[in-house]
Protein chains: 2
Amino acid sequence: MSVNLKELSESLGLSQTTVSRGLNNYSDVSEATRKRIKDAAKRLNYRPNARAKGLATGKSRTIGHVIPSNTQHEMVNPIFGDFIAGASSVYARHGYNMLVSRVAQGSETEIYNDLISSGAVDGIVIQGPTEKDQRIEQLSSMGTPFAVHGRSSAITKPYPWVDVNNQRAFERATQLLISLGHRKIALLNGLEHLDFAVRRRNGFLKALGAQGIEADPDMLFSEEMTESYGYLRTKELLDRKDLPTAIVTSSLITALGVRRAIEDSGRRMGKDISVVTHDDMLSYLPNGGAEPVFTATRSAVSEAGERLAEMLIAEINGDEDQPSEVLLEAELVIGRSTGASET
Amino acid sequence: MSVNLKELSESLGLSQTTVSRGLNNYSDVSEATRKRIKDAAKRLNYRPNARAKGLATGKSRTIGHVIPSNTQHEMVNPIFGDFIAGASSVYARHGYNMLVSRVAQGSETEIYNDLISSGAVDGIVIQGPTEKDQRIEQLSSMGTPFAVHGRSSAITKPYPWVDVNNQRAFERATQLLISLGHRKIALLNGLEHLDFAVRRRNGFLKALGAQGIEADPDMLFSEEMTESYGYLRTKELLDRKDLPTAIVTSSLITALGVRRAIEDSGRRMGKDISVVTHDDMLSYLPNGGAEPVFTATRSAVSEAGERLAEMLIAEINGDEDQPSEVLLEAELVIGRSTGASET
DNA sequence: AGTGTTTTCCAAAGCGCTTTGGATGCCCAG
DNA sequence: CTGGGCATCCAAAGCGCTTTGGAAAACACT
């Protein structure tokens with residue numbers, strides 16, 4: 001089926017050394033024999049054994065991802081798939097593999113230690129950092145290459161990350177609503193132990209504060225970003241005597257629930273109630289076209305995955321001149337879900 | 001930071017052999033020294049090098065998944081995350097890792113060959129099989145352990161799989177609509193080069209045929225299961241003079257689009273137009289409660305992931321008595337999206 | 001012809017584990 | 001006292017690759 005180096009070299013009448021160096025493009029093997037070697041390798045379907053290669057080189061050419069799973073609801077973040085897909089295509093291009101683990105919340109320390117000490121991975125991607133994420137400090141101190149999708153506000157030492165400018169995005173989104181005359185604006189945020197949610201909230205509050213508008217604490221929510229979250233909270237909001245005229249939400253999935261509740265109540269989104277959502281540009285939830293359904297702060301999570309992968313690989317290879325902090329700006333696209341406040 | 005076997009054995013004054021056998025619970029090391037060994041291993045943070053271990057044993061304790069990605073739209077199947085999460089928790093329990101690759105459609109052969117010949121994985125999971133999926137034949141002939149999420153109708157030789165009874169599910173869904181008086185029923189199916197979509201369609205047509213109802217070919221669609229697919233097709237359907245009174249759709253995400261179009265048109269879902277959808281029970285799209293929003297054929301994709309992982313691991317370990325074919329039945333749950341036909 | 005350089009190749013060691021095939025010591029039956 | 005059986009340990013080989021440190025041949029220049 002497939003041969004190993006020994007067999008390959010024997011069939012060529014060459015030493016394993018020469019064959020190995022030939023395949024790895026060392027200069028001390030002549031072009032003629034290199035060609036012979038590569039031809040034979042292809043013909044005999046030679047695939048170097050990854051484990052043996054790894055043992056010899058000390059590298060695994062594998063990046064570890066740990067699935068951020070909220071054990072409370074067994075939730076899988078819907079952005080996971082697109083993020084992974086983005087990262088994965090970069091890995092493939094560079095000849096890296098991706099190792100995915102899932103672990104109960106709390107025993108993360110254990111698994112990072114495992115993955116690294118056992119040499120299973122050359123680097124690690126951290127997703128869903130909290131405000132003061134211990135994993136970042138842990139990996140820093142271990143000296144392992146890693147990169148974070150998002151940031152951890154309370155950590156001052158520099159570390160490599162790729163993030164969306166969440167604060168600015170939500171500030172702009174809120175500014176837009178204010179400029180349309182909205183004053184009572186609700187926020188359906190993600191879980192605020194996660195750093196990105198805190199930043200979004202800060203942006204939201206900053207925009208309100210700048211106009212001297214006081215945020216109503218009863219209109220600020222922080223939950224897992226499901227569709228039903230959007231629905232239930234909106235439904236409840238709309239039942240109030242003092243209801244909001246606009247809603248800002250953290251995910252398109254939640255926004256779908258918001259929309260559902262608005263229409264259930266007989267109101268029209270974009271007329272009676274305005275909605276701005278963040279849009280991660282998930283492949284199965286397109287919100288595009290000339291006039292998107294939702295006005296949104298838009299930033300592709302797959303791009304974040306790509307950038308992060310590039311960054312981490314550069315770090316592993318010791319490329320010093322690569323940037324180690326990337327802040328992506330979300331664009332604010334106007335759709336049909338926003339309109340002037342009628343009050 | 002962490003020691004290797006040699007250092008560990010030296011610090012104990014024992015041979016590597018004994019330490020290794022002690023850690024792996026061989027009977028030829030006394031209980032007393034076994035305890036000494038394990039204590040020391042913990043104290044010194046010994047982590048066996050995965051690559052070296054793999055080289056010696058010939059196993060990698062890793063399962064390969066290949067992301068099913070439609071390069072046409074760079075689509076990532078939304079069920080991917082939950083499926084992976086289900087499988088991953090089983091892997092963790094058995095000490096396996098999961099290797100995820102993404103590859104351009106067409107070069108799958110290449111990557112399977114690579115993953116297996118290089119010894120990177122002990123087994124492989126195939127997702128999104130087509131009607132006659134070459135990958136199944138390829139892996140069968142290579143003698144590598146593998147399991148399929150779904151089935152490939154045109155392949156007659158037995159192979160291990162976990163699937164939902166898609167035909168039966170859609171047959172029952174359609175029967176329900178018929179029994180409610182619906183006769184003009186549209187089907188928004190997934191891409192029909194995928195086997196599951198074919199089965200769903202067959203179930204749909206079978207139910208209609210059993211009642212002597214002729215399916216209108218203009219009401220059968222087959223596309224990538226996005227939200228906008230549901231929206232656009234439904235919108236178009238509702239603009240017809242001869243519009244359907246019910247819609248069956250393949251994904252909750254698509255169903256959200258269907259709902260949006262129905263309400264955009266001023267109609268009410270469950271009253272003017274009935275909808276039944278398949279529900280993979282994605283964690284971020286709950287459709288539950290006492291009275292779910294959507295009437296649905298429900299089957300958790302995360303469970304499929306778990307079952308598949310169990311099956312594959314059993315296969316790798318040579319457990320002959322494990323079932324190698326699992327057919328999950330979807331339950332039909334009644335929600336608020338269906339009602340009697342008014343015509 | 002002799003010396004120094006290049007070019008091209010290779011034997012052997014080593015990566016960190018497991019496993020084979022004993023070796024050693026001890027106990028008990030004959 | 002002797003030999004067999006058992007429990008416990010270990011030296012060394014091997015997994016399939018890379019890399020070190022030459023060696024041999026070819027070539028260039030005095």
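Quick caveat, the model's predicted, so the values are computed rather than measured. Note that these values count all heavy atoms, side chains included, but never hydrogens, waters or copies made by symmetry. Order of the sequence lines fixes the chain letters, A, B, ..., with proteins taken first and strands second; residue numbering starts at 1 for each chain.
Atom CZ in B:Arg36 sits roughly 14 Å away from atom P in D:dT8 (whole-Å rounding). One can place CZ of B:Arg47 at 17 Å from C1' of C:dC17, the figure rounded to the nearest angstrom. Between the NZ atom of B:Lys6 and the P atom of C:dA13 there is a distance of 15 Å, rounded to whole Å. Residue A:Glu10 contributes atom CD, which lies 12 Å from atom P of D:dG16 at whole-angstrom precision. Here D:dG14 presents its C1' atom at 12 Å from CG of A:Leu55, a figure rounded to the nearest Å. Put simply, CG on A:Asn49 is 14 Å from C1' on C:dC17, counting in whole angstrom units. Regarding A:Leu23, its CG atom lies at a distance of 16 Å from the P atom of D:dG16, rounded to whole Å. If you measure from atom CG of A:Leu8 to atom P of D:dC17, you get 9 Å, rounded to the nearest angstrom.
Sorted by first and then second residue, the pairs that involve residues 82-101 of chain A and meet ring-ring contact (aromatic ring centres under 6.0 Å, His included), not counting sequence neighbours, are A:His65-A:Tyr91, A:Phe83-A:His149.
A salt bridge links B:Glu303 and B:Arg307; the closest N-O separation between the charged side-chain nitrogens and carboxylate oxygens is under 4.0 Å. With respect to A:Glu310 and A:Arg93, a salt bridge is recorded, a charged nitrogen being found less than 4.0 Å from a carboxylate O. Using a cutoff of 4.0 Å between basic side-chain nitrogens and carboxylate oxygens, B:Arg47 and A:Glu110 are scored as salt-bridged.
Between D:dT18 and A:Asn24, a contact under 4.0 Å exists linking OP1 or OP2 to a side-chain N or O. Regarding contacts with the backbone of D:dT18, a side-chain N or O of A:Lys53 is found under 4.0 angstrom from either OP1 or OP2.
Residues B:Arg51 and B:Tyr26 both approach DNA chain C. Their nearest nucleotides, taken by heavy-atom distance, put B:Arg51 toward the 5′ side.
In this structure, the side chain of B:Arg51 does not engage the main chain of A:Arg51 through any donor-acceptor pair within 3.5 Å. A donor-acceptor distance shorter than 3.5 angstrom exists from the side chain of B:Thr62 to the backbone of B:Ser60, with no hydrogens or angles considered. With hydrogens and angles disregarded, no donor-acceptor distance shorter than 3.5 Å links the side chain of A:Asn317 to the backbone of A:Asp319.
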Write down the protein N/O and nucleotide N/O pairs, taken from nucleotides 6-11 of chain C, whose separation is under 3.5 Å; answer none if there are no such pairs.
| residue | atom | partner | partner atom | Å |
| --- | --- | --- | --- | --- |
| C:dC9 | OP2 | A:Ser30 | N | 3.1 |
| C:dC9 | OP2 | A:Ser30 | OG | 3.4 |
| C:dC9 | OP2 | A:Thr33 | OG1 | 3.0 |
| C:dC9 | N4 | A:Asp28 | OD2 | 3.1 |
| C:dC10 | OP2 | A:Ser15 | N | 2.9 |
| C:dC10 | OP2 | A:Ser15 | OG | 3.3 |
| C:dC10 | OP2 | A:Thr18 | OG1 | 2.8 |
| C:dA11 | N7 | A:Thr17 | OG1 | 3.3 |
| C:dA11 | N6 | A:Thr17 | OG1 | 2.5 |

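Among the nucleotides D:dC17, C:dC17, C:dG16, the one closest to any side-chain atom of A:Asn4 is D:dC17.
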